[in-house]
Amino acid sequence: MSFVSIQANTQMSSSCTFSLSRPEPDVLCLRLIGTWTVAAGLPVLTDVQAALKGMARLRFDCHELGGWDSLLLVGLNRLRRETEQAGVLFDDTDLPDGVRRLLQLSTAVPERQGSRRETVPVTWLARIGQTAQASFAGGRALLIFIGEMTFSFGRLLRGQARFRSADFLLILQQCGAEALPIVSLISFLVGMILAYVGAVQLRQFGAQIFVANLVGLGMAREMGAMMTAIIMAGRTGAAFAAQIGTMTVGEEIDALQTSGFSPIDFLVLPRMLALILMVPLLCLYADLLGILGGGFVAVSSFGLGISQYYDQTIAALSLAQFGLGLLKAVFFGVLVALAGCLRGMQCGRSAAAVGDAATSAVVTGIVWIIVVDATLTVIYDILGW
Amino acid sequence: MAHVEVRDLTMAYGDFVVQRGLTFTINRGDIFVIMGDSGCGKSTLLRHMIGLQAPQSGQICYSGEDFLLASETARAARLRSFGVMYQQGALWSSMTLSENIALTLEQYTNLGDEEIRELAAIKLALVGLAGFEDYYPSEISGGMQKRAGLARAMALDPEILFFDEPSAGLDPLSSRRLDELIVELQSSLGATVVIVTHELPSIFAIGTNGIFLDAERRTLVARGTPQEMLSAGGDPKVRRFLTRGEMT
């Protein structure tokens, strides 16, 4: 039997070798000796190549061939290429039946013309051009997506948008209530950090009491919204992208489309709405926890009284300050949902593409958040808010 | 010569028994067909045989060695003698076809890069995919993905090739070509082949032995060649199945 099992391979370490002879003046006979297997490895065949010169035919003698597997095919394939180049006839009649059939099978379907990949070197100029084109295409896709979202909101207002309320409630829960623990931790710590950074400076002027103003204003106007948004980008934006991306891979988006549902209405709209509702609420919660964190530091490390800190915070903050932070939070909610859903919908059709989509959703989300935050801060300043 | 022996195997998900009391033997060189109606546990049986799921009770022996009780190393060695072709191909999407095949070769053999590359190219050529080495699975058609999956299954010259519904989703001609390929590879490599399928043309064209699992009675109700199962005196349900309900 010509077949050698894997187990046998691992036990047999006897190597394979060959000898050459010339039964006739223009015929080269290659005698295969030992086991030609993956475990044994392939001998160097350069001697055969040299001996092929001036021959008309290469034939084989397999009487001493112990066993073989795919590795013999690799060796024979190399020899066959050599014989083709040297114009020598490759005579496979004396090879074992299985080997001969496999060799025939491997050439039965000729290589399709042009299927092989040619790697063409790209010049730096071309690379710049390609990158520019890709960025324009990306920008265009974003604009189209925003346009579709706008239409979708229009349908929502007219009561024509269709999505399942059960989905919506589940998303609300996932990106609202379930985010509370992480938002609590992060905003409490950020409040503490703000208090430390500020109080150490303010103490030099004996003005530790103003740490309440710093923490209160800092959280309400800026840090509450931004930290919440960044948490949501990492937590919810990535989840949206992965979920919608996986649905793209599994043709679920196509199925929605052919069933007459707009994927934008059905998948993106509820996520967008959920974040527009939940990010401001989480932001308000983060403001409170941040002020608590600042208070904890002020009271425990800088000798302020609890009621002192409370009174100073109330005096420093107006409702409008919270309003400015909440306005930012609404924008951030839109951005996180946009980044997550856009990358999910753009996802390619493989597992690796889903990973890329999730990564890209987080990166895009955070970049947009910071850029929009800076813009809004400048606008607030110009308007004197 | 018995290659695989399954004795009194009971498969269950929790309390739900899928199949019980399965006892059968697969001989070396068989093309063994596991057939049955939808939901009878064909694929589950395959998953048990390749160690992806543990049975509730029973024995699975390869070449006389108990697969389930084997030590970690013996089990790993046994797994290397398996080649599995999954229903959807299950090619690793972040690797090219060549890399998909090369991965196990790099891990388990001492071959050089050049030899591994040529070996992968030959495996792809055997399944008619010469020249597609550098393609990613997402760039080729479903039928090509299946054939690439077969090439990957053959990477280590397995003793046993397992196929889970190889022709599902293929057109009749591709399906037939795949059948012929399986037969050709089986006879050339001398491997044992285990196929889960309910494609009647495949069953009759290539099956040399097999069993029929019944979803209602939850056990195997027929064994032997497809022709034997179809012969007079066989189980009526099996006969109906094998004739698409035309013979009662």
Side-chain angles (χ1 to χ4, degrees), chain A residues 1-11 13 37-43 67-78 80-81 95-119 249-250 347-356, chain B residues 3 28-29 62-63 65 77-78 80-83 91-96 105 108-112 114-140 147 154-160 177 180-181 184-185 187-192:
Chain A
M1 196 173 92
S2 56
F3 174 72
V4 176
S5 72
I6 293 290
Q7 260 203 326
N9 289 347
T10 49
Q11 284 158 7
S13 57
T37 59
V38 168
L42 205 60
W68 59 273
D69 65 11
S70 310
L71 200 77
L72 179 58
L73 296 182
V74 172
L76 291 175
N77 228 23
R78 282 184 186 175
R80 189 163 56 182
R81 276 201 303 271
L95 287 171
D97 276 354
V99 177
R100 212 173 56 240
R101 280 209 304 274
L102 285 175
L103 274 182
Q104 280 161 3
L105 194 60
S106 72
T107 51
V109 180
E111 196 174 313
R112 198 185 295 177
Q113 216 66 43
S115 67
R116 193 171 286 278
R117 288 279 158 95
E118 302 290 340
T119 44
V249 174
C347 181
R349 290 185 177 258
S350 72
V354 175
D356 292 343
Chain B
H3 195 173
R28 213 169 266 279
Y62 289 96
S63 310
E65 282 174 41
R78 181 64 66 191
R80 282 204 290 282
S81 75
F82 293 172
L91 296 166
W92 296 302
S93 55
S94 56
M95 302 178 206
T96 62
L105 292 169
Y108 298 119
T109 68
N110 300 320
L111 299 179
E114 182 67 15
E115 277 147 8
I116 288 182
R117 215 178 46 72
E118 281 186 44
L119 205 49
I122 287 181
K123 302 279 171 179
L124 283 172
L126 282 176
V127 298
L129 286 175
F132 285 91
E133 287 85 353
D134 296 331
Y135 280 62
Y136 283 92
S138 53
E139 296 171 324
I140 57 175
R147 279 184 280 147
M154 295 190 308
L156 287 173
D157 293 308
E159 275 185 76
I160 308 186
R177 272 201 296 275
E180 286 167 0
L181 190 60
E184 183 62 42
L185 291 170
S187 61
S188 303
L189 293 167
T192 304

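A note on names: the letters A, B, ... follow the listed sequences, proteins ahead of strands, and every chain is numbered from 1.
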Asker: Give, as side chain, backbone, both or neither, the part of B/Glu139 having an atom under 4.5 angstrom from any heavy atom of chain A.
Answerer: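 Side chain of B/Glu139 only, per the 4.5 Å heavy-atom cut-off to chain A.
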
Asker: Working to the nearest 0.5 Å, report the span between CG of A/Leu73 and CG of B/Leu126.
Answerer: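 Rounded to the nearest 0.5 Å, the CG-CG separation comes out at 6.5 Å.
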
Asker: CG of A/Leu105 to CD of B/Glu184: how many Å apart, nearest 0.5 Å?
Answerer: 5.5 Å

Asker: Where on A/Asp97 is there a heavy atom nearer than 4.5 Å to chain B: the side chain, the backbone, both, or neither?
Answerer: neither

Asker: Taking all atoms of both residues into account, what is the closest heavy-atom pair of B/Ser188 and A/Leu102, and its distance?
Answerer: CB-CG, 3.5 Å

Asker: Kindly give the heavy-atom pair with the smallest separation between B/Ala125 and A/Ser106, and that separation in Å.
Answerer: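 Shortest heavy-atom separation between B/Ala125 and A/Ser106 comes out as CB-O, 3.3 Å.
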
Asker: Taking 4.0 angstrom as the limit, do B/Glu118 and A/Arg81 come out as a salt bridge?
Answerer: yes

Asker: Is it the side chain or the backbone of B/Leu111 that comes within 4.5 Å of chain A heavy atoms, both, or neither?
Answerer: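 Contact with chain A: side chain only.
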
Asker: Given the options B/Ala155, B/Gly128, B/Pro137, which has more heavy-atom pairs under 4.5 Å with chain A than any of the others?
Answerer: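 Max contact count across the listed options: B/Gly128.
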
Asker: What part of A/Leu71 gets closer than 4.5 Å to chain B, counting heavy atoms only: side chain, backbone, both or neither?
Answerer: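 Interface part for A/Leu71: both.
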
Asker: How long is the span from the OG atom in A/Ser70 to the CG atom in B/Asp157, to the nearest 0.5 Å?
Answerer: 3.0 Å

Asker: Check whether B/Leu181 gets within reach of chain A through its side chain, its backbone, both or neither, counting any heavy atom under 4.5 Å.
Answerer: side chain

Asker: Among the options B/Thr109, B/Ile122, B/Leu105, pick out the one with the most heavy-atom pairs lying under 4.5 Å from chain A.
Answerer: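 Looking at each of B/Thr109, B/Ile122, B/Leu105 in turn, B/Ile122 comes out on top.
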
Asker: Contact between B/Leu156 and A/Val38 at the side-chain level, heavy atoms closer than 4.5 Å - yes or no?
Answerer: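 Sidechains of A/Val38 and B/Leu156: no contact.
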
Asker: Which residue out of B/Phe132, B/Tyr135, B/Trp92 racks up the most heavy-atom pairs below 4.5 Å with chain A?
Answerer: B/Tyr135

